[in-house]
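Structure record follows, encoded as structure tokens.
Within every chain, numbering begins at 1; the chains are lettered A, B, ... in the order of the sequence lines, protein sequences first and strands thereafter.
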4 protein chains.
Amino acid sequence: MANTYRKGRPVDLEGRAARRKEIMAAARGCFLRKGFHAASTAEISERASISVAGLYQYFPTKADLVLALVEEDLEMDLEWVGVLAKAESLQIGLTRLALEYANDVGCGDAVRLRLEITAEASRDPKIATVFTDVETRLVTAVSHLLADRQAKGEIDLALDPEVTARTVLAFLDGLFGWIAVGGASQENEAFVRAALELMWRGLKPAAS
Amino acid sequence: MANTYRKGRPVDLEGRAARRKEIMAAARGCFLRKGFHAASTAEISERASISVAGLYQYFPTKADLVLALVEEDLEMDLEWVGVLAKAESLQIGLTRLALEYANDVGCGDAVRLRLEITAEASRDPKIATVFTDVETRLVTAVSHLLADRQAKGEIDLALDPEVTARTVLAFLDGLFGWIAVGGASQENEAFVRAALELMWRGLKPAAS
Amino acid sequence: MANTYRKGRPVDLEGRAARRKEIMAAARGCFLRKGFHAASTAEISERASISVAGLYQYFPTKADLVLALVEEDLEMDLEWVGVLAKAESLQIGLTRLALEYANDVGCGDAVRLRLEITAEASRDPKIATVFTDVETRLVTAVSHLLADRQAKGEIDLALDPEVTARTVLAFLDGLFGWIAVGGASQENEAFVRAALELMWRGLKPAAS
Amino acid sequence: MANTYRKGRPVDLEGRAARRKEIMAAARGCFLRKGFHAASTAEISERASISVAGLYQYFPTKADLVLALVEEDLEMDLEWVGVLAKAESLQIGLTRLALEYANDVGCGDAVRLRLEITAEASRDPKIATVFTDVETRLVTAVSHLLADRQAKGEIDLALDPEVTARTVLAFLDGLFGWIAVGGASQENEAFVRAALELMWRGLKPAAS
DNA sequence: GATGAATGAGGCTTCATTCAT
DNA sequence: CATGAATGAAGCCTCATTCAT
């Protein structure tokens, strides 16, 4: 009945997806330790327990692997916005998220990879496209979030949502960047609190 | 007075230093367009109008060339602090500096190179050392600057100078980073003004 | 009469043979455009609408595929001899055949493939064997043809049939080779006519 | 005085040219035994007693090496024409040249390489260009040669020099091709004599 | 019988670096 | 000091082939 029958060995979609993830995880590790250019396909495939030729059945090019990783990484930012939207207040939610981030070792990795991504985006046009695309969506999402919080009286109504969204995002980028490069120390928590506090003084409605 | 006499042909110290600078300038251009790893010594030496072997008489290793560039680049940050110290007010000086920066094309390059440096610092220990060293000095300098301005009533006395210094530096890093990768557009000026304004709301003394 | 009964699912001999031909046709196209070594099994199997693994069920090795193609190609030469044998006169038949050949685009392909075959025959012993074998048969066939025509007074009786057969074959090889690599132009017809005319002057009985 | 002075180690023009020749000789051997595609740069450089990287200082690409060889090889054909022009009669000169060729082992190699070149010319546009270019020059040269010999009464005046030039060249290509692939046997001499004799019957003035 | 998945071996090319001139 | 020449190691990618499904 079904005409989707195809002769021969059926495609193992699950297996392929899993292997793909494995490769991407391995690649993330390598890129993290060496950067996109210094990490070799041999290294990546070894860490992924696959042959080099096998790797090329999942990603037609090293550049494509990088690109997939970049996309995946950038998409994660959008998830934060969703999390923040559900928080009782933006300040509380943001602080919680930032602290969680500052203390998790894996998150430091994510930030360091982001650094490499940003650097590469300023050279490779394809990566730049993906980068700019996600960035635009991110700004929009945060704009809406801020507008929402303005309506709730958490943020000064005089601030333009979009410009402020960019400002906040830039600020967070800088903040996490400093934490990631300095290495996660115990002082990070104090630093994060102070920095967010300062930002918040700029965001909240002018004292009536 | 001291006997500086030396046998043989005198070394042309000036010439050497000049050539060194030329090489570093050429290297900066290459690293900017390709990154530290993707830029080759052949490429660099060609841009510097020198043979590849000649390059090795000024820098024993490609890594050393990178390091020299990193140091030079980071030192420039310290100069800003000096400039800011002489401004009539920190807010005015900072705004002027930031706008100047946002509009200059060459400065976008500097920021993009900084991105590469930061990314590399998170991997190479030697670069990390230089990086952290300059960072520390920078924090100290900005701390003093802030303390100075606190004394003049420009900044809230409740803020701890050192932590605030880090916060401000992180914020500026994020700000310039966003400008650099987005490409210098005309909207940059509005963005910079808004962002600094927001930061300033957080820094200035609480309305009495 | 003989008991041809066989257990299990009967083999679809026709289907197999057809598929084999398809693969060979696809391979011919690829080898033509890239040569034996540069054409990949992936490319061939794609053109043949079969999986790479599937290809290996028809030909145990790429070399075997090449060999099969070589055999098929060389056998075609023998067919010409048959055609020529039926012509009213050798000169007329040969001219007709040559012109037909020179004007057909597909025949240019055949000649170009023959070039590759000859080149490969000078290296690979297996191909050389097939090549020499067919060549020998060809020479024999043409020898008989020539002897036959000698008897009819079309060709000088002083010429040794075998040596002359080789000469004629070599001449035709050269002729078609020049046409094939030069690309089929309208001048080809004049060239073919002139060349055959010259050859014929050498073959026909000395003016009595 | 001379302003051609250049600092540093002077270029060893002789040495470079010699090395270049060595590499080309090695490449010729490899290409002969395996063909352009099957012969590897590793193999070639080993036979040339140079590192693989070193090879790339003389030829920027394997394709360039092939091209250089093709050019060199094709140019040799033009030299024959010069030799033939000085012969007492075209028939004598050609026979001498052909026999010399048929008996020399190295010449068989040259013909086999020519086969590969012709095959490759039908695919690679660059090689095709060189090929066609030399071919054109060759036809012109032989045309002049034939016209010259026509004036001396050696060749039938009714024959068009250019078309005949192509015919003769095609014939010789075919002839040498058959000799080269069959391997140099003792019967070659008889074959060559008979073939040339046949051709000559077609060329010489009609018996008065 | 036919397909998807996997892989060792190898191909071309480039790189950072050295050494003689 | 500066250049030409050379090279081992490595990088990305492809190939012919096998094997489980």
Side-chain angles (χ1 to χ4, degrees), chain A residues 6-13 15-16 19 37-45 49-65, chain B residues 8-9 11-12 15-16 19 37-45 49-65, chain C residues 8-9 11-12 15-16 19 37-45 49-65, chain D residues 6-13 15-16 19 37-45 49-65:
Chain A
R6 290 186 44 194
K7 48 192 169 178
R9 181 175 170 179
V11 184
D12 179 9
L13 279 171
R16 270 197 88 82
R19 211 102 158 89
H37 288 281
S40 71
T41 53
E43 206 177 340
I44 295 168
S45 51
S49 304
I50 198 177
S51 69
V52 183
L55 191 149
Y56 277 80
Q57 286 201 332
Y58 290 86
F59 299 92
T61 274
K62 189 189 173 188
D64 286 306
L65 173 52
Chain B
R9 183 170 150 200
V11 183
D12 180 6
R16 264 195 84 82
R19 210 106 160 86
H37 289 280
S40 69
T41 54
E43 208 176 337
I44 295 168
S45 50
S49 304
I50 198 177
S51 69
V52 184
L55 192 149
Y56 277 79
Q57 290 197 327
Y58 291 87
F59 299 93
T61 272
K62 188 189 174 187
D64 290 305
L65 173 52
Chain C
R9 181 169 152 200
V11 183
D12 180 8
R16 262 196 87 82
R19 210 107 160 86
H37 288 280
S40 69
T41 54
E43 208 176 336
I44 295 168
S45 50
S49 304
I50 198 177
S51 68
V52 184
L55 193 149
Y56 276 80
Q57 289 197 327
Y58 290 87
F59 298 93
T61 272
K62 189 189 174 187
D64 288 306
L65 173 53
Chain D
R6 290 185 43 192
K7 47 193 169 179
R9 180 176 171 179
V11 185
D12 179 9
L13 279 170
R16 271 197 88 82
R19 212 101 157 91
H37 288 281
S40 72
T41 53
E43 205 176 340
I44 295 168
S45 51
S49 305
I50 198 177
S51 68
V52 184
L55 190 150
Y56 277 81
Q57 286 201 334
Y58 290 85
F59 298 93
T61 274
K62 188 190 173 186
D64 287 306
L65 173 53

(message) I need the OH-C1' distance between Tyr56(C) and dT18(F), as an integer number of Å.
(response) 9 Å
(request) Confirm from the modelled atom types if Arg9(D) and dA2(F) form a donor-acceptor pair under 3.5 Å, side chain to base only. (result) no
(request) Please tell me which of Arg19(D) and Pro60(A) maps to the more 5' nucleotide of DNA chain F, matching each residue to the nucleotide holding its nearest heavy atom. (result) Arg19(D)
(request) To the nearest 0.5 angstrom, please state how far the CG atom of Leu65(B) sits from the CG atom of Leu55(B). (result) 6.0 Å
(request) Measure the distance from CD1 on Ile44(A) to P on dT7(E) and round it to the nearest whole Å. (result) 16 Å
(request) Could you check how far NE2 of His37(C) sits from C1' of dC12(E), rounded to whole Å? (result) 17 Å
(message) Nearest to the side chain of Asp12(D), heavy atoms from C-beta on, is which of dA5(F), dC15(F), dA16(E)?
(response) dA5(F)
(message) Whether the side chain of Gln57(C) and the base of dA2(E) hold a donor-acceptor pair under 3.5 Å is what I'd like checked.
(response) yes
(message) In whole Å, I'd like the distance from the CD atom of Glu43(A) to the C1' atom of dA9(F).
(response) 15 Å
(message) Quick check: closest heavy atoms across Lys62(D) and Ala39(D), and the distance to 0.1 Å?
(response) NZ-O, 2.8 Å
(request) Indicate yes or no for a side-chain donor-acceptor contact from Thr61(A) to the backbone of Asp64(A) under 3.5 Å, with no hydrogens or angles considered. (result) no
(request) For Ala53(A) and for Ala53(C), find the nucleotide of DNA chain E with the closest heavy atom, then tell me which residue's nucleotide is more 5'. (result) Ala53(C)
(message) Counting only side-chain heavy atoms from C-beta out, which of dG4(F), dT17(E), dT17(F) sits nearest to Thr41(C)?
(response) dT17(F)
(message) I want to check one thing: is the phosphate of dG8(E), taken as OP1 and OP2, less than 4.0 Å away from some side-chain N or O of Ser51(A)?
(response) no
(request) Just call it for Tyr58(C): base, sugar-phosphate, or nothing, with non-hydrogen atoms closer than 4.0 Å on any strand. (result) sugar-phosphate
(message) Measure CG/Asp64(A) against P/dC12(F) and give the value in whole Å, please.
(response) 14 Å
(request) Write down the distance between CD1 (Ile50(A)) and P (dA6(E)), rounded to a whole number of angstrom. (result) 6 Å
(message) For Ala42(A) and Gly54(D), find the nucleotide of DNA chain F closest to each by heavy atoms; which residue's nucleotide sits nearer the 5' end?
(response) Gly54(D)
(request) Check the distance between dG11(E)'s P and Leu55(D)'s CG and give it to me in whole angstrom. (result) 14 Å
(message) Using a 4.0 Å heavy-atom cut-off, does Ala38(C) contact any base of the nucleic acid, only the sugar-phosphate backbone, or nothing at all?
(response) nothing
(message) As an exercise, state the distance from CZ of Phe59(D) to OG of Ser45(D), rounded to the nearest 0.5 Å.
(response) 12.5 Å
(message) Categorize Ala39(A) for me: base, sugar-phosphate, or nothing, with a 4.0 angstrom heavy-atom threshold over every strand shown.
(response) sugar-phosphate
(request) Would you mind reading off the distance between Lys62(A) atom NZ and dC12(F) atom P, rounded to a whole angstrom? (result) 4 Å
(message) In this structure, which stretches of DNA chain E are paired as stems of three or more consecutive Watson-Crick or G-U pairs, both distances less than 3.5 Å?
(response) E:2-21 with F:2-21
(request) Using a 4.0 Å heavy-atom cut-off across all strands, classify Ser40(B) as base, sugar-phosphate, or nothing. (result) sugar-phosphate
(message) Please tell me if Thr61(C) has a side-chain N or O lying less than 4.0 Å from either OP1 or OP2 of dT17(F).
(response) yes
(message) Distance check, rounded to the nearest 0.5 Å: Tyr58(B) atom OH versus Arg16(B) atom CZ?
(response) 5.0 Å
(message) To check you understand the geometry: which heavy-atom pair defines the closest contact between Ala38(B) and Glu43(B), and what is its length?
(response) O-OE1, 4.3 Å
(message) Under 4.0 Å, heavy atoms only, any strand: does Arg16(C) hit a base, just the sugar-phosphate, or nothing?
(response) nothing
